[in-house]
Amino acid sequence: MYNYHEKIVLGLIIVILFTAGLLSTVKNTPTQGILLHNRDFFLIDLNKATKEELRLIPYVSEAMAQEIIRYRTDKGGLRNTDELSEIKGIGPARLKKMRKYLKKIN
């Protein structure tokens, strides 16, 4: 078996090789560009989303999703995401957290 110092050296070698493998993988894949380019695919359109789609947004409960649908139906659609703050339970802090999951409304 290996003694304590040999185990430390072997552990460090494994960590170094693992890190080198990760770095070479990341270096060859433009991950950041892919995520930024395809980001619209994951954004929710508030004026078209179903209740189930709205529930995919973190911080949105089933009741809140239903309220968003009721609000947009009554108003004939949302003109901007700031209008969400008029819905009970959506304050400035929650709206700020939700924005990154929402498609911009033109």
Side-chain angles (χ1 to χ4, degrees):
M1 280 322 267
Y2 298 105
N3 68 32
Y4 177 76
H5 296 291
E6 290 172 329
K7 288 179 183 178
I8 296 290
V9 171
L10 285 173
L12 288 173
I13 290 171
I14 290 169
V15 169
I16 290 169
L17 291 174
F18 180 75
T19 304
L22 282 178
L23 290 175
S24 68
T25 302
V26 171
K27 189 185 283 186
N28 293 330
T29 307
T31 308
Q32 214 172 12
I34 291 170
L35 293 176
L36 293 174
H37 179 69
N38 291 333
R39 180 163 174 144
D40 281 346
F41 178 76
F42 297 104
L43 298 179
I44 303 290
D45 184 336
L46 287 170
N47 284 316
K48 296 178 183 175
T50 63
K51 183 168 71 170
E52 292 76 19
E53 291 169 333
L54 290 170
R55 289 281 293 126
L56 295 173
I57 303 169
Y59 320 105
V60 174
S61 66
E62 187 171 337
M64 192 175 292
Q66 189 61 45
E67 189 61 24
I68 291 170
I69 291 171
R70 186 200 60 76
Y71 181 87
R72 80 171 181 216
T73 302
D74 291 351
K75 297 288 184 179
L78 296 161
R79 287 181 266 315
N80 62 57
T81 54
D82 291 335
E83 286 184 66
L84 287 176
S85 63
E86 296 179 26
I87 296 172
K88 184 180 178 187
I90 303 179
R94 182 171 291 198
L95 181 57
K96 183 178 179 181
K97 292 175 184 176
M98 291 170 59
R99 278 187 200 280
K100 62 181 152 191
Y101 303 100
L102 305 174
K103 209 175 239 185
K104 294 222 189 286
I105 300 173
N106 297 339

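Nothing here was measured: the structure is a model prediction, and the numbers come from that model.
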Write down the atom of [X], the atom of [Y], and the distance for their closest heavy-atom approach.
X      : Y     : result
Leu46  : Arg72 : O-NH1, 2.5 Å
Tyr59  : Lys97 : CE1-CB, 3.4 Å
Ile105 : Leu78 : CG2-O, 3.4 Å

Close side-chain approach of [X] to [Y], heavy-atom, < 4.5 Å:
X      : Y     : value
Lys103 : Ile44 : no
Thr50  : Leu54 : no
Arg55  : Gln66 : no
Met98  : Leu84 : yes

Let me check something: do [X] and [Y] share a hydrophobic cluster, defined by ILVMFWY side-chain heavy atoms less than 4.5 Å apart, either directly or through other members?
X     : Y      : result
Ile16 : Ile8   : no
Leu56 : Tyr101 : no
Phe18 : Val9   : no

Interatomic spacing from [atom1] in [X] to [atom2] in [Y] - rounded to 0.5 Å:
X     : Y     : atom1 : atom2 : answer
Ile68 : Arg70 : CD1   : CZ    : 11.0 Å
Ile90 : Ser85 : CD1   : OG    : 8.5 Å
Glu53 : Asp45 : CD    : CG    : 9.0 Å

>> With side chain to side chain contact (heavy atoms under 4.5 Å, CB included) as the criterion, how do Tyr71 and Glu83 come out once you've worked through the C-alpha distance, each side chain's angles and the decisive distance to 0.1 Å?
In response: CA-CA 9 Å; Tyr71 181 87; Glu83 286 184 66; 3.4 Å; yes

>> With a 6.0 Å cut-off (strictly less than), is the heavy-atom count around CD of Glu62, excluding the residue itself, greater than 12?
In response: no

